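All remarks here apply to the structure that follows.
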Number of protein chains: 2
Amino acid sequence: MMDEPRKTPTIQDVARAAQVSAATVSRVLSSPERVTEATRDRVTKAVEETGYTINQAARSLRMQRARTILTAMPGIGNPFYSTILDAVVTTATSRGYGVLVAGRLGDDPARWLSDYYQSNRADGLLLFDGFLETRKLHGITGANAQMPLVAAYDELPDPQINSVITDNLQAAERAVRHLYDLGHRRIGHISGPSRNTFPNERLVGFRKAMFEHRLEVREEWIVPGDYTMDSGLAAGRHFGGLAERPTAVFSANDEMAIGMLSALKTVGITCPRDISVIGFDDIGVAEHYAPPLTTMRQPRERIGRIATETLIGLLESEVRSREPVRVVLQSELVVRESTARLGSG
Amino acid sequence: MMDEPRKTPTIQDVARAAQVSAATVSRVLSSPERVTEATRDRVTKAVEETGYTINQAARSLRMQRARTILTAMPGIGNPFYSTILDAVVTTATSRGYGVLVAGRLGDDPARWLSDYYQSNRADGLLLFDGFLETRKLHGITGANAQMPLVAAYDELPDPQINSVITDNLQAAERAVRHLYDLGHRRIGHISGPSRNTFPNERLVGFRKAMFEHRLEVREEWIVPGDYTMDSGLAAGRHFGGLAERPTAVFSANDEMAIGMLSALKTVGITCPRDISVIGFDDIGVAEHYAPPLTTMRQPRERIGRIATETLIGLLESEVRSREPVRVVLQSELVVRESTARLGSG
DNA sequence: TGAATTCATGCAATCGATTGCATTGATCTT
DNA sequence: AAGATCAATGCAATCGATTGCATGAATTCA
């Protein structure tokens, strides 16, 4: 018996083995109830014997659907997004969908992404990249390429597009209230980047909460960041050099909080003795940082799962409803040791 | 002018617009030199006008190649792997390949993965999961499904399969030597998990280095871990409860080092005053942890890039060489503040 | 029992791109 | 000038699965 490289079996091979037509095999696979039990068994057996696997390329071509979703995120290396991606993959896989990951987007992201759709590689898009301008997005949804799309990122997505988001305003208020409740009155903020026209949502929430608590907002206590540890480091240096420092800081994400603490520590300012810090996201290290970080935990796993389910639901429903889907999730305050009662140090 | 949903243009549409046959359009796209400049221009123009994108499903079906690679990793949420994935996506995209991410593997991972291959969804596999047993892997490479495969993970992969790895033995020795040079003689280790038959490589390197430096290896100073922060935490508690503690610890990865420090801090043991720690990988937070972590930096970006290039090279070479490819990269010692000269605290 | 209905299955067209072979016209050779 | 050579292009088969329609057998009903 030669060990020759026999090709992978096709539906025809199965049909021959089961002594039926290819059409019947196809039916057994997709709508078994339409086939007699006897033939069904014969076919099932033949499938097993031949080791048949459906050829997705052929299937996609014929059905005009790839059973694959595309994901786009600003940086997969970022632990925040990678957790979401994990949930996306798990959910999509269990529903029989593949997950493609888009690389760094070039000059024309909309075109780049919709190419995946036009070329029949992906049926829909999960967009986790808030930096992609809404304006450019219209190239994806509008025009001739109507790629189904669910956006899931921090900042307000265009209300016209389906989205799964967390309530940043409310979360920012909770964060500030937590600091307020601990007695802090001089509160600073490291903000995320603002998009073109809109100010950063967490920054807005911060201002709103400060106003509601009748606290003074000092502009020198609001430092713009870009969600990287390095920008947190810069913010830390800024606060460290100030004559009058806030007693507590709300950072728009954990990385920047960590960067800030790292910078402050080098100039002898320790947390929570000299300054309290609350972060955002609850990334993996937050719990084990020194000190363990108080933070607003985003339900990342849920974001990923729900966004995926929403998209797949969209793909599989015949009627495309006009109303965009909007899911708003809440973040959760996780109190650890980086925030302390004022003066307790 | 109606805004009716015109379908995405096919090669036939382009052919009609350019007044040539579909065959010619195809040739302009794949081997332009075989076509007159005049027709080539006409076709190029027609492609632009129609906004034509090649239908990958049809192409895959005809060519029996999907221009897509599959990646499998134990946990995408893990920052170590997500950085690698980032590099993989960037590299693959620039070479015109898509990247599919496999979900959690079920009972029969080999079967599961090779299904992607048989079903013409992926042309090859990048395997970053060392926990997948080599024995099970043979189902992927052997049998009727000869899926091209490049493995890139810590532990010794089967020498028969292509791999991109780092030299763990050497790295472990460097780590121990660093501690030794700082005057440490009582050195402990938090190890990664051992695979069935083989002991963990970094553990082996640790023992080897200890032997070479003629240092005593105390079994109670070697704590098994599983690369999670929680297992580092447990290790920290273990060390904390010991009557005689090591003065320095080599942790098989950064997360466990962080977990350990976090546990030790709660019992008043601080780093580097009371204990020095060197980690492994140089994940993002290592630099900004308190204290900043000394670590063996793995060239994650290179691992991802080289593995991808190797796999694509394999896919595109006509002849499948019998000799497996093996690339061995070196890790780099990054000295920060978690390691200090003995007695300098 | 014969007509009507139902049901399982097969036939063949189709999805869109690629490519071996055939054809055409131009260029070269002697 | 006639045949040989070559380059550019078209024709048509092919990849493998799905599905509307046709067929024939079995079942139901009068």
Side-chain angles (χ1 to χ4, degrees), chain A residues 6-44 46-47 50-68 96 115-121 123 318, chain B residues 6-44 46-47 50-68 96 115-121 123 318:
Chain A
R6 63 198 128 118
K7 337 200 324 290
T8 68
T10 75
I11 201 171
Q12 321 289 344
D13 298 326
V14 177
R16 207 171 306 120
Q19 314 224 52
V20 294
S21 74
T24 301
V25 177
S26 175
R27 281 189 275 255
V28 169
L29 265 34
S30 52
S31 41
E33 74 284 357
R34 299 193 25 144
V35 170
T36 324
E37 188 168 346
T39 22
R40 199 191 312 154
D41 291 347
R42 281 219 315 289
V43 171
T44 313
V47 166
T50 52
Y52 169 70
T53 319
I54 209 159
N55 184 319
Q56 285 293 346
R59 181 172 225 256
S60 297
L61 174 59
R62 176 62 224 241
M63 305 194 74
Q64 307 283 38
R65 319 198 50 244
R67 300 212 115 228
T68 297
D115 263 10
Y116 273 89
Y117 181 63
Q118 280 209 27
S119 72
N120 209 321
R121 283 157 80 104
D123 303 326
E318 283 309 309
Chain B
R6 64 197 127 121
K7 336 201 325 290
T8 69
T10 74
I11 200 170
Q12 320 290 343
D13 299 326
V14 177
R16 207 170 307 120
Q19 315 227 50
V20 293
S21 74
T24 301
V25 177
S26 175
R27 278 188 278 255
V28 169
L29 264 34
S30 53
S31 41
E33 74 284 355
R34 298 192 27 150
V35 170
T36 323
E37 189 168 344
T39 19
R40 199 191 312 155
D41 291 347
R42 281 220 313 288
V43 170
T44 313
V47 166
T50 52
Y52 170 70
T53 318
I54 209 162
N55 184 318
Q56 285 293 345
R59 182 172 225 255
S60 296
L61 173 59
R62 176 62 225 240
M63 305 194 74
Q64 306 284 34
R65 321 197 50 244
R67 299 212 117 227
T68 296
D115 264 9
Y116 273 89
Y117 181 63
Q118 280 208 27
S119 71
N120 209 322
R121 283 158 80 103
D123 303 326
E318 283 309 309

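Naming: A, B, ... by sequence-line order, numbering from 1 per chain. Note that this is a predicted model, so its numbers are computed, not measured.
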Would you indicate, yes or no, if dT18(C) has its OP1 or OP2 atom less than 4.0 angstrom from a side-chain nitrogen or oxygen of Ser30(B)?
->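 Ser30(B) to dT18(C) OP1/OP2: no side-chain N or O under 4.0 Å.
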Please determine if a side-chain N or O atom of Gln64(B) lies less than 4.0 Å away from the OP1 or OP2 oxygen of dG16(D).
->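 Indeed, a polar side-chain atom of Gln64(B) lies that close.
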Look at the side chain of [X] and decide which nucleotide, out of [options], has an atom nearest to it.
| X | options | answer |
| --- | --- | --- |
| Thr24(B) | dT19(D), dT9(D), dG16(C) | dT9(D) |
| Thr10(B) | dA17(C), dA13(C), dC15(D) | dA17(C) |
| Asn55(A) | dA17(D), dG16(C), dA8(D) | dA17(D) |
| Ala22(B) | dA8(C), dA17(D), dT18(C) | dT18(C) |
| Arg62(A) | dA17(C), dT19(D), dT9(D) | dT19(D) |
| Val20(B) | dA8(C), dG10(D), dC15(C) | dG10(D) |

Report the residue (Thr53(A) or Val25(B)) whose heavy-atom-nearest nucleotide on DNA chain D is the more 5′ of the two.
->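 Per heavy-atom nearest nucleotide, the more 5' residue is Val25(B).
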Map Met63(A) and Ala58(A) onto DNA chain D by nearest heavy atom, then report which one ends up closer to the 5' terminus.
->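 Whichever sits nearer the 5' end wins; that is Ala58(A).
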Sugar-phosphate only, base, or nothing, as touched by [X] at under 4.0 Å among non-hydrogen atoms:
| X | result |
| --- | --- |
| Leu29(A) | nothing |
| Thr39(B) | sugar-phosphate |
| Arg59(B) | sugar-phosphate |

Hey, does the side chain of Asp41(B) reach the backbone of Ala38(B) with a donor-acceptor pair shorter than 3.5 angstrom?
->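 Between the backbone of Ala38(B) and the side chain of Asp41(B) there is no qualifying donor-acceptor contact (under 3.5 Å).
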Closest nucleotide of DNA chain C for Ile11(B) versus for Arg40(A): which of these residues is on the 5' side?
->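 Nearest-nucleotide comparison on DNA chain C picks Arg40(A).
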Has the side chain of Arg27(A) got a donor or acceptor that lies under 3.5 Å from a partner of the other kind on the base of dG10(C)?
->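 Indeed there is one.
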Greater than 12 external heavy atoms within 6.0 Å of Gln19(A)'s CD |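 No - once you tally the heavy atoms of other residues, nucleotides and ligands closer than 6.0 Å, there are 12 at most.
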Glu33(B) atom CD: more than 12 heavy-atom contacts under 6.0 Å |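 Yes, CD of Glu33(B) has more than 12 neighbouring heavy atoms, counting only those of other groups under 6.0 Å.
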